[in-house]
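To keep things clear, I will list the structure first and then write my remarks on it.
This one's a predicted model, so the numbers in the text were calculated from it and none came from an experiment.
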Amino acid sequence: MDNFNRRNFLKTAALTGAALAAPAFVRTAAARTTTITIASLLGDDKPETKIWVKIGELVEAKLPGQFKFNIVRNGALGGEKEVAEGVRLGSIQASLSTVSSLSGWAPELQILDLPFLFRDADHVRRTVAGDVGADLKQKLQAQNFVVGDFINYGARHLLTKEPVTRPEQLKGKRIRVIQSPLHTKLWSAFGTTPIGIPITETYNALATGVADAMDLTKSAYAGFKLYEVVPDMTETGHIWASGVIYYASTFWAGLNDEQKAVFQQASSEGAGYFNQLIVDDESKSVETALANGGKLLKPEAFDEWQKGAQGVWDDFAPIVGGIDRIKSIQTA
């Protein structure tokens, strides 16, 4: 054995021996710490990341040293669809998602996306906290997504390069949509050409003319700096953007009963925290957008917006449980 290899061998042996000689409780503590990779689409200042910091703190308080939260920020692991695939495969352990992006796996989720169904955030919360929410959780679990709780991203509004306040002004425009049949159907009803584009690629698509318009919540509008490419926001509030805190089923199956209970409770507390953060963040986001050239517009002929969207209810009723179920939610 030459001198170089001998030195490396002795160094490796020494390190191995030191590790084996370490107190047993140190080795056990290190062994039981599980690192969780979590995908966030946005940065440290946005609710999408802050919620995971909060959940991590809540878990650490109850299960000290057992879990390390590795939050990968700013869409570095992809858009919602790519992240969902990673969660299904187990390479990503947790994330948030709009229900729209998960509807390809659980079409029944689209009941939460029906346009002009919900009156306000409280109406949405009551719906997901009841039988409808419980049923949707089961549908997602069958697809290897374990739901910690539902969250509310706020209402979606129309974003355009030029002012649009009436539905007929949309005709002929190319609109970026969530990759969801319901969203495609909705915007087709207004004479647009829907184009499915991941949110992480949307800014460039709008900047280069691939798309002329889109819809999004106020918080994400500022988070992705979209006021730079679609400065006009028409406050249509057509869809309340529900979402979920969700975990990979492979990760969840590896938890014991105590750990599952802690993660469930932390997720529920995190959901309430997130929902309030969104309310607060929307005000700041609007201020940011207006300070950077964005404009807020009120829709005109609101009954025409609702009429154009009504066909979505009829088309999707068989998928989401029937028109009676839709109407019972509407009047709840």
Side-chain angles (χ1 to χ4, degrees), residues 29-30 32-99 101-102 140 144-154 198-203 216-217 219-225 241-255 259-282 284-285:
R32 71 167 182 246
T33 300
T34 300
T35 297
I36 309 171
T37 296
I38 297 161
S40 173
L41 288 179
L42 295 167
D44 288 330
D45 61 326
K46 301 301 282 185
E48 286 79 357
T49 297
K50 287 182 177 180
I51 183 177
W52 287 111
V53 174
K54 179 71 169 179
I55 291 174
E57 292 171 349
L58 293 169
V59 170
E60 177 64 19
K62 295 287 182 68
L63 304 170
Q66 293 187 35
F67 297 93
K68 178 183 176 182
F69 281 56
N70 173 34
I71 306 170
V72 183
R73 298 155 169 83
N74 294 310
L77 295 178
E80 287 185 321
K81 283 287 181 73
E82 293 87 354
V83 168
E85 290 286 5
V87 171
R88 277 171 58 83
L89 293 171
S91 59
I92 299 170
Q93 281 72 59
S95 190
L96 309 180
S97 178
T98 57
V99 296
S101 289
L102 297 179
L140 283 168
N144 297 327
F145 302 119
V146 177
V147 175
D149 206 342
F150 288 90
I151 53 176
N152 191 332
Y153 288 94
I199 189 62
T200 49
E201 299 172 22
T202 297
Y203 185 103
L216 200 61
T217 63
S219 179
Y221 178 51
F224 289 107
K225 297 184 177 180
S242 292
V244 291
I245 302 165
Y246 71 116
Y247 300 89
S249 61
T250 49
F251 164 73
W252 197 261
L255 301 178
Q259 291 168 335
K260 287 178 181 177
V262 169
F263 269 88
Q264 194 72 63
Q265 180 62 33
S267 298
S268 294
E269 290 186 37
Y273 175 70
F274 178 89
N275 291 346
Q276 186 56 51
L277 283 178
I278 285 290
V279 172
D280 297 340
D281 192 67
E282 282 197 340
K284 295 176 186 176
S285 295

| Approximate separation, where rounding is to 0.5 Å, of Ile92 CD1 and Ile36 CD1 | 13.5 Å
| field | Set of residues satisfying ring pair (Phe, Tyr, Trp, His ring centres under 6.0 Å) with respect to Phe145, sequence neighbours excluded | value | Trp105, Tyr246
| Ser91 side chain to Val87 main-chain N or O, any donor-acceptor pair under 3.5 Å? | no
| Which pairs, with at least one residue in residues 50-76 and sequence neighbours excluded, count as a salt bridge (charged side-chain N to carboxylate O under 4.0 Å, His left out)? | Asp44-Arg73
| said: Is there a side-chain contact between Ile38 and Ile55 in this structure, where contact means two heavy atoms from C-beta onward sitting under 4.5 Å apart? | reply: no
| Listed by chain and number, what are the side chain to side chain contact (heavy atoms under 4.5 Å, CB included) partners of Ser285, not counting sequence neighbours? | Lys46, Ser219, Ala222, Asp281
| said: So, taking the atom named CD in Glu48 and the one named CZ in Phe274, what distance separates them when rounded to the nearest 0.5 Å? | reply: 4.5 Å
| field | Distance (rounded to the nearest 0.5 Å) between Glu282 CD and Thr217 OG1 | value | 6.5 Å
| remark: For Gln265, the side chain to side chain contact (heavy atoms under 4.5 Å, CB included) test, sequence neighbours excluded, returns Glu269
| said: Heavy-atom count check: over 12 atoms from other residues, nucleotides or ligands less than 6.0 Å from Lys284 NZ? | reply: no
| side-chain hydrogen bond (donor to acceptor under 3.5 Å, both in side chains) with Ser267: which residues, sequence neighbours excluded? | Tyr247
| Gly254 versus Gln259, closest heavy-atom pair with distance | O-OE1, 4.3 Å
| request: For Asp45, enumerate each residue passing the side chain to side chain contact (heavy atoms under 4.5 Å, CB included) test, keeping only those at least two apart in sequence or located in another chain. | output: none
| query | Got a sec, which residues hit ring pair (Phe, Tyr, Trp, His ring centres under 6.0 Å) with Phe67, two or more places apart in sequence or on another chain? | reply | Phe263
| field | Minimum-distance pair of heavy atoms, taken over all atoms of Ile245 and Gly270 | value | CD1-C, 4.5 Å
| task | Would you sort out whether Thr37 and Leu77 count as a side-chain contact (heavy atoms from CB on, under 4.5 Å), showing the intermediate values? | result | CA-CA 10 Å; Thr37 296; Leu77 295 178; 4.0 Å; yes
| message | So Gln93 and Phe69, do their side chains get closer than 4.5 Å, heavy atoms only? | response | no
| said: If I compare all heavy atoms of Ser97 with all of Leu102, which pair ends up nearest, and what's the gap? | reply: OG-CG, 3.5 Å
| remark: Nearest heavy-atom approach of Val59 to Ala266 is CG2-CB, 4.0 Å
| said: Please enumerate all residues that pass side-chain hydrogen bond (donor to acceptor under 3.5 Å, both in side chains) together with Asn74, with sequence neighbours excluded. | reply: none
| With Asn152 via side-chain hydrogen bond (donor to acceptor under 3.5 Å, both in side chains) - residues at least two apart | none
| Looking only at heavy atoms, which two atoms of Phe150 and Ala271 are closest? And how far apart? | O-CB, 3.5 Å
| field | Val279 and Asn275, any side-chain heavy atoms less than 4.5 Å apart | value | no
| request: With the side chain counted from C-beta on, respond yes when Ile199 and Phe224 share a heavy-atom pair under 4.5 Å apart, and no when they do not. | output: yes
| remark: Residues at least two apart in sequence or cross-chain that pass salt bridge (Lys or Arg N to Asp or Glu O under 4.0 Å) with Lys81, listed by chain then number, are none
| query | Among pairs that include at least one residue of residues 73-98, which meet ring pair (Phe, Tyr, Trp, His ring centres under 6.0 Å), considering only residues two or more places apart or in two chains? | reply | none
| pair Ile71-Val53: side-chain heavy atoms closer than 4.5 Å | yes
| query | Excluding sequence neighbours, so at least two apart, what forms side-chain hydrogen bond (donor to acceptor under 3.5 Å, both in side chains) with Ser249? | reply | Asn144
| query | Under 4.5 Å between any side-chain heavy atoms of Leu96 and Tyr153, yes or no? | reply | yes
| request: List the atom of Ser40, the atom of Thr49, and the distance in Å for their closest heavy-atom pair. | output: OG-OG1, 2.7 Å
